[in-house]
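Take a look at the structure below.
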Amino acid sequence: MSPRPPPRSCDTFVALPPAAPGDRVVFGKNSDRPADEVQEVVHFPAAAHPPGAALECTYISIEQVERTHAVVLSRPSWLWGAEMGANEHGVCIGNEAVWGREEVCDGEALLGMDLVRLGLERADTAEKALNVIVDLLEKYGQGGNCMESHMSFAYYNSFLIADRKEAWVLETSGKYWAAEKVEGGIRNISNQLSITNKIDREHPKLKEYAKSNGWWDGEKEFDFAATYSYVNTARMTTSGGRYCEGYKLLNKHKGSITPEIMMEILRDKESGINMEGGFMTTGSMVSVLPQQPNLPCIHFFTGTPDPARSVFKPFIFVPDVTQLLKTTSPTFGHDDPVKKQPRFQSKPDRRHELYKKHESAAVVMETIEDKGKEMLKEIQELEKQKISQMESILQNGCLDNNQVVNLFSQCVEEELKIYG
């Protein structure tokens with residue numbers, strides 16, 4: 001079987017001290033999806049569930065756990081899971097589409113995006129989230145259409161999982177997987193398997209399965225990416241692809257990777273990381289995870305396409321967070337074409353209020369030079385102001401819960417005012 005053409009979607013990054021200064025972990029992701037797909041930013045509080053309860057994910061129902069953690073998610077608005085997000089314990093996860101030698105299953109199971117949300121809802125550390133994902137992978141499998149369309153778009157998944165202390169890369173092929181604990185301060189993942197011979201955890205039959213398929217002779221050193229895909233692992237960081245470009249950008253700023261630098265990386269169009277075209281960057285996220293447990297983790301989300309003309313808006317977990325109404329898409333219940341069989345026979349308008357206003361503002365930025373420049377300047381100033389406020393919180397450790405409950409929603413209101 002010949003390899004697929006190179007896929008084009010998503011880049012996820014992490015910087016650990018000392019690559020990130022100030023005893024902080026910095027996490028970032030661009031979600032690259034179909035250009036007309038709406039990405040929403042939503043918050044779900046912690047919850048208790050009755051024993052034996054069922055949980056309806058995008059396509060299948062699974063067994064619910066007794067307690068789920070509070071999460072904030074950036075997700076395509078038609079599905080249950082998420083492209084990226086964080087939980088109240090400072091765990092962050094982003095996923096990537098990957099392909100390899102193993103044929104992708106078209107049958108409906110858990111999407112990689114469902115596994116992102118499930119890891120966040122059920123784990124309070126990065127490694128526990130890894131455990132959740134691989135256990136669910138073994139029990140339910142991964143598969144199903146990853147696009148709101150009657151055209152099938154299916155893939156396997158890789159994940160970058162971080163918390164205040166460490167980060168893990170988890171890469172999958174069907175139910176088989178390998179995991180690497182991040183060392184050396186920086187790591188990124190893109191649309192290819194990237195774990196080579198540094199494998200810290202693995203599926204118990206990973207090598208046996210590769211051997212049975214003739215992918216590995218059992219003699220030479222086992223290289224996961226080279227064995228399970230068509231990647232030339234010797235050239236991964238020099239080949240000029242997005243994985244390579246992302247690595248170079250991280251390496252360039254190693255030692256000084258702040259949230260602003262991570263945002264700058266996500267906005268980089270020359271590298272292809274800020275993607276344009278039929279597949280484009282439809283949502284972006286940057287998180288700051290201080291290693292001091294008394295300081296809050298801060299999560300920035302755009303909720304709009306193209307980070308170069310979007311605002312990264314801060315969110316902090318506190319009790320009674322104001323619901324994120326203006327970045328939440330309308331819902332359609334049982335009438336949603338995703339829920340009906342056959343699926344995806346029509347496509348409803350899923351645009352939330354911020355998306356609609358941003359869409360109009362983007363036209364102004366493209367077509368009315370003076371007004372567009374002024375608008376862009378104003379949203380950049382708004383973002384700088386919010387980053388400065390968040391830095392003050394991290395420096396002083398002072399958190400006014402009464403203000404923080406409205407933090408994200410208030411920033412959305414200020415952004416909407418700029419768009420008029």
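Note: hydrogens, waters and symmetry copies are ignored here, and every other heavy atom, side chains too, is used.
- For F332, there are no ring-ring contact (aromatic ring centres under 6.0 Å, His included) partners two or more places apart in sequence or in a different chain.
- Among all heavy-atom pairs drawn from I189 and F159, the shortest one is CD1-C, 3.6 Å.
- Looking at every heavy atom in both residues, V14 comes nearest to L160 through N-CD2, 3.8 Å.
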Q: Show your working on ring-ring contact (aromatic ring centres under 6.0 Å, His included) between F344 and W78 and close with a plain yes or no.
A: CA-CA 10 Å; F344 307 121; W78 60 271; 5.5 Å; yes
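- With sequence neighbours excluded, the residues forming a side chain to side chain contact (heavy atoms under 4.5 Å, CB included) with T258 are P21, E260, I261, listed by chain and number.
- For E381 (side chain) and I379 (main-chain N/O), no donor-acceptor pair under 3.5 Å exists by modelled atom type.
- Every pair passing salt bridge (charged side-chain N to carboxylate O under 4.0 Å, His left out) that includes a residue from residues 135-164 is listed here, sequence neighbours excluded: E63-K139, E138-K175, E148-R350.
- Here Q142 contributes atom CD and L115 contributes atom CG; the two are 7.0 Å apart, rounded to the nearest 0.5 Å.
- Proximity of a side-chain donor or acceptor of T68 to a complementary backbone N or O of E121 within less than 3.5 Å is not detected.
- A donor atom on one side chain and an acceptor atom on the other are found under 3.5 Å apart for T282 and Q39.
- Separation of atoms OH (Y247) and NZ (K254) is listed at 6.5 Å; rounding is to 0.5 Å.
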Q: Applying salt bridge (charged side-chain N to carboxylate O under 4.0 Å, His left out), run through D306 and K269 and close with a yes or a no.
A: CA-CA 10 Å; D306 186 358; K269 292 195 175 182; 3.2 Å; yes
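- For the pair D11/E245, no side-chain contact is recorded, criterion being any heavy-atom separation below 4.5 Å from C-beta on.
- Both the sub-6.0 Å distance and the 45° axial angle are satisfied by R101 relative to the ring of Y230.
- For the residue pair W168 and A179, the shortest heavy atom distance occurs at CE3-CB, 4.0 Å.
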Q: Given salt bridge (charged side-chain N to carboxylate O under 4.0 Å, His left out), test K207 with E202 step by step and report yes or no.
A: CA-CA 9 Å; K207 292 170 184 165; E202 65 188 68; 3.8 Å; yes
(Q) Between F315 and H43, is the ring-ring contact (aromatic ring centres under 6.0 Å, His included) condition met? List the steps. (A) CA-CA 10 Å; F315 177 96; H43 167 259; 5.6 Å; yes
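- Relative ring orientation between F153 and Y155 is described as perpendicular, the plane-to-plane angle rising above 60° on a 0-90° scale split at 30° and 60°.
- Between W215 and Y228, the distance separating the two ring centers is shorter than 6.0 angstrom.
- The OG atom of S284 lies 4.5 Å from the CZ atom of F312; values are rounded to the nearest 0.5 Å.
- Taking the charged nitrogens against the carboxylate oxygens, R24 and E391 do have a contact shorter than 4.0 Å, which makes a salt bridge.
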Q) Can you list the steps and then say if E56 with K339 is a salt bridge (charged side-chain N to carboxylate O under 4.0 Å, His left out)? A) CA-CA 11 Å; E56 190 177 332; K339 302 290 182 191; 3.2 Å; yes
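- A donor-acceptor pair is defined here as one N or O able to donate and one able to accept, closer than 3.5 Å; no such pair exists between the side chain of N294 and the backbone of G397.
- N213 places a side-chain N or O within 3.5 Å of a backbone atom of Y209 that can act as its donor or acceptor partner.
- Between the side chains of E40 and S77, no donor N or O sits under 3.5 Å from an acceptor N or O.
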Q: With salt bridge (charged side-chain N to carboxylate O under 4.0 Å, His left out) as the test, would you mind laying out the steps for D124 and K128 before giving the verdict?
A: CA-CA 7 Å; D124 59 4; K128 285 181 187 175; 3.1 Å; yes
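- One finds the CZ atom of F222 at 5.0 Å from the CD1 atom of I199 (value rounded to the nearest 0.5 Å).
- Using a distance-only test at 3.5 Å, with no hydrogens or angles considered, no donor-acceptor pair links the side chain of N157 to the main chain of N95.
- Side-chain contact between L354 and Y419 is present, with at least one heavy-atom pair separated by less than 4.5 Å.
- Side-chain contact, S392 with N396: a donor N or O sits under 3.5 Å from an acceptor N or O.
- Salt-bridge check for E180 with R201: failed, with every basic side-chain N at 4.0 Å or more from each acidic carboxylate O.
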